[in-house]
Amino acid sequence: MRGEQVAGEYLGRTSSLIDGWFPTHDGGYLDEGGFLFIEGRLDDVIVRGGENLSPGEIEEVLITHPAVADVAVVGLPDTEWGEKVAAAVVTVDGSEVSEAELQAWVRDRLRSSRTPELVAFRSEPPTTRPANCCAGSSKRSSERPEPA
């Protein structure tokens, strides 16, 4: 992004402006009408035991479970592995699913290191995420909204 209102810092990190542009590392697209859709962070990574994990990859698997309406995957501090995988899950109204069932769902589809150690059930998706959060958008790119 760029403009008079843009400073050379973002969440306490300094970054030099490149030809007046400030790199936010946000990923998105412009539709045919010129509307901007932000889809997530380009540098979202959970570092677990030296392995880089994509929160979006784990979210894509969890959102395919019939009982999951929305999900956000983040990395939480872990003294042994650096970070552990955690998921905040909103279930479909009237659906019931256990933490163990969702863990098995991921384990059956991805490497075991990508299985969330913690699954927190929420009534609605979080509207704000902590500064050290690694989660991207839970919506698949095929579910892009139609322009108004």
For this session: Dump the intermediate steps for side-chain contact (heavy atoms from CB on, under 4.5 Å) on V90 and V71, then the final yes or no.
Result: CA-CA 6 Å; V90 178; V71 62; over 6 Å; no
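- I63 is not connected to V92 by any chain of hydrophobic side-chain contacts under 4.5 Å among Ile, Leu, Val, Met, Phe, Trp and Tyr, and they are in different clusters.
- Side-chain contact between T91 and V68 is absent, with no heavy-atom pair separated by less than 4.5 Å.
- Taking 4.5 Å as the limit, some side-chain heavy atom of V85 sits within range of a side-chain heavy atom of I58.
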For this session: Kindly determine whether D31 and F37 satisfy side-chain contact (heavy atoms from CB on, under 4.5 Å), including the steps that lead there.
Result: CA-CA 8 Å; D31 71 4; F37 292 88; 3.4 Å; yes
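- Counting only residues at least two apart or on different chains, the side-chain hydrogen bond (donor to acceptor under 3.5 Å, both in side chains) pairs with a member in residues 111-121 are R48-E117, E51-R111, E51-S113, E51-R114, E57-R114.
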For this session: Verify side-chain contact (heavy atoms from CB on, under 4.5 Å) between Y29 and L36, making sure each step is shown before the conclusion.
Result: CA-CA 6 Å; Y29 67 97; L36 173 64; over 6 Å; no
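- Side-chain contact between V89 and E99 is absent, with no heavy-atom pair separated by less than 4.5 Å.
- The structure places CD of E60 at 10.5 Å from CG of L110, a figure rounded to the nearest 0.5 Å.
- Remark: E59 CD to S54 OG distance equals 8.0 Å, nearest 0.5 Å.
- When all heavy atoms are compared, the tightest approach of V73 to A87 is CG2-CB, 4.1 Å.
- At least one side-chain heavy atom of V119 sits under 4.5 Å from a side-chain heavy atom of P116.
- Here the side chains of L102 and L62 are in contact, with some heavy-atom distance below 4.5 Å.
- Residue pairs satisfying the ring-ring contact (aromatic ring centres under 6.0 Å, His included) criterion with at least one member in residues 81-105, sequence neighbours excluded, are listed as follows: H65-W105.
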